[in-house]
Amino acid sequence: MGGLSKKAFQFNKIAKEANRPHLTLDAGALLFKHDAINPRQEEQEKMAAAAIVEAYSLIGYNAVCVGSQDLIAGSAFLQMLSKDAKFTWLSANLVNKSTKKTFFKASTTVNVEGVKVGVIGLTGPAALPPADEATILPWDQVLPDLLAKVDKTHDLVVLLSNLPAADSQRIALSYPSIHLIIQSGANTNAISPEPINNTVLVSTGPQGKQIGIMEINWQPSKRWGDQKTEVLAKKKGALDRLLWQLSKYQQDKDPETALRNQPDQLNIYHALQAQEQELRGEIDQLSKTLDQQGPSTGEPSAYTNRFMAMETALPDQPEIVRLVDALNSAVNKLGQRQAETATKTDSPYLGSRSCGSCHAAQLASWQKTRHAAAYATLAKDKQQYNLSCLPCHVTGVSMDQASESLSITEARREVGCETCHGPGRLHIGNPKANPMALKPGPGVCQTCHSGSHDDNFNYDERIKMVDHH
């Protein structure tokens with residue numbers, strides 16, 4: 001959650017510089033990092049989710065789509081959180097199993113500088129708890145009728161889509177009255193604005209590492225500039241290049257037979273054929289849309305778009321910092337209570353001091369590294385019981401078993417020798433029969449040095465900092 005305070009600062013700065021009314025939207029998947037909650041960490045995860053909702057309220061979001069990951073703790077928990085939200089949660093297809101009524105608003109209206117904007121939310125497939133009262137309907141069962149109503153009463157229609165990206169693209173091809181689709185999803189990469197018919201599809205990518213700023217000059221014509229003609233020309237150009245590649249294979253009357261003993265080339269040929277069919281379909285669809293559209297009337301709308309990376313050097317928004325500090329304090333106290341009743345278990349990890357009798361020089365070298373003080377830094381910040389932090393500050397605990405870090409011995413409260421080289425109990429008993437890994441590979445380091453923890457990690461450079469062979 002640390003990045004939220006910087007995001008809040010950046011949003012506030014952008015709004016002040018623009019000095020114009022604006023919409024702040026999120027297409028969902030913001031409350032939980034994983035696809036399931038570890039039961040031992042459920043209370044902590046829910047506390048963090050509640051804090052994220054409060055932070056979004058403080059930042060000033062207008063609307064957020066219910067994403068599939070937002071439902072990991074169940075629809076009832078999300079409904080409870082939504083009561084205190086200062087923004088509108090949206091989902092047109094998350095409904096009660098029995099009544100088929102929506103739990104959240106299907107759409108909302110926001111007036112921006114005289115433009116009446118209709119915002120719709122669609123939730124992607126989610127693994128809801130079996131006893132949950134909610135179910136997720138296919139988007140094509142709910143969108144057509146809803147869109148017909150929203151389109152009639154709004155100047156600009158925005159879809160917040162947590163659907164798979166392929167579904168969002170199908171919607172853009174089929175429903176030109178949706179003018180902007182903002183895509184979310186754990187596996188969705190950043191998408192620069194991609195015009196499809198009269199729809200612009202965009203995504204900032206996962207985990208809030210970027211924010212997108214789109215400045216729109218919306219006109220009564222309710223259409224974007226003539227991007228479709230430009231896109232059609234590009235696709236025809238791509239088809240020409242593809243046909244040229246295929247022609248090299250089709251010099252033979254029967255390419256299938258000619259390439260029978262060259263499986264790699266045959267696979268390439270089949271892939272090119274599939275691409276050809278896909279491109280021809282897209283070209284046909286675009287051509288039909290342009291024919292149906294007829295001559296353009298009225299001045300077209302326009303936009304500019306930019307992505308801004310969230311930088312660690314950015315200042316923090318004070319009220320979000322206070323919120324995050326309060327959450328961390330509460331989470332640490334929760335972990336401390338859990339630690340008091342945690343059962344200590346036997347472990348193959350012994351702690352770095354056990355290595356010193358045979359590897360005194362290496363132990364002395366390790367003691368000079370930041371790894372040796374990893375747990376101490378948590379204790380200094382009063383986060384030594386925070387299960388979101390602990391696994392990367394102790395020895396021999398994986399992130400998916402984070403609760404085990406509350407019951408480990410004091411000897412393992414450090415990022416010790418065994419973190420890189422493996423558990424030492426068997427090795428100490430019989431070194432020759434149980435050799436240790438000599439050097440950790442990148443994957444070992446990136447268990448912790450990745451994502452928001454260390455997004456600039458360079459293995460080849462960092463390994464030198466702990467080299468002691």
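Since we're looking at a predicted model, the values are computed, not measured. No hydrogens, no waters, no symmetry mates; every other heavy atom, side chains included, goes into these values.
Here Leu266 contributes atom CG and His270 contributes atom NE2; the two are 4.0 Å apart, rounded to the nearest 0.5 Å. A distance of 10.0 Å separates OG1 in Thr395 from NE2 in His371, rounded to the nearest 0.5 Å. Going from atom NZ of Lys464 over to atom CG of Asp467 covers 10.0 Å, rounded to the nearest 0.5 Å. Atom CG of Leu156 and atom CD1 of Ile178 lie 11.0 Å apart (nearest 0.5 Å).
Residues Asp264 and Gln262 have side chains that never bring a donor and an acceptor to within less than 3.5 angstrom of each other. Side-chain atoms of Tyr269 and Gln273 form a donor-acceptor pair, as typed in the model, at a separation below 3.5 Å. Side-chain contact of Asp400 with Ser398: a donor-acceptor pair under 3.5 Å is present, judged by distance alone. A donor atom on one side chain and an acceptor atom on the other are not found under 3.5 Å apart for Gln401 and Asn38.
Legend: residues meeting side-chain hydrogen bond (donor to acceptor under 3.5 Å, both in side chains) with Glu42, ordered by chain and number and at least two apart, are Lys46.
Contact of the Pro391 side chain with the Met399 side chain is registered, since non-hydrogen atoms from C-beta on lie closer than 4.5 Å.
Checking Leu146, Thr153, Val119 one by one against Ser107, the side chain to side chain contact (heavy atoms under 4.5 Å, CB included) holds for a single residue, Leu146.
Among pairs with a residue in residues 109-138, those fulfilling side-chain hydrogen bond (donor to acceptor under 3.5 Å, both in side chains) read Arg20-Glu113, Ser75-Asp132, Ser91-Thr123, Thr109-His154, at least two apart in sequence or across chains.
Smallest separation of non-hydrogen atoms from Leu242 and Glu276: CD2-N, 3.2 Å. Heavy-atom minimum distance, Thr369 versus Ser365: CG2-O, 3.6 Å. What you find for Leu90 and Ala63 is that their closest heavy atoms are CD1-CB, 3.9 Å. Heavy-atom minimum distance, Phe87 versus Tyr56: CE2-CB, 3.5 Å. For the residue pair Ala8 and Ile59, the shortest heavy atom distance occurs at CB-CG1, 3.6 Å. Residues Ser68 and Ala126 approach most closely at CB-CB, 3.6 Å, considering heavy atoms.
The residues Arg170 and Asp167 are annotated as salt-bridged, a charged nitrogen and a carboxylate oxygen being separated by less than 4.0 angstrom.
Between Trp224 and Tyr303, the ring planes are perpendicular. Angles over 60° get that label, and only those under 30° would be called parallel. Taking the six-membered ring where tryptophan is involved, the planes of Tyr175 and Trp139 are perpendicular, since the angle between them exceeds 60° and thus also 30°. In this pair, Phe457 and His449 present their aromatic rings parallel. The plane angle is below 30°, not in the 30 to 60° band.
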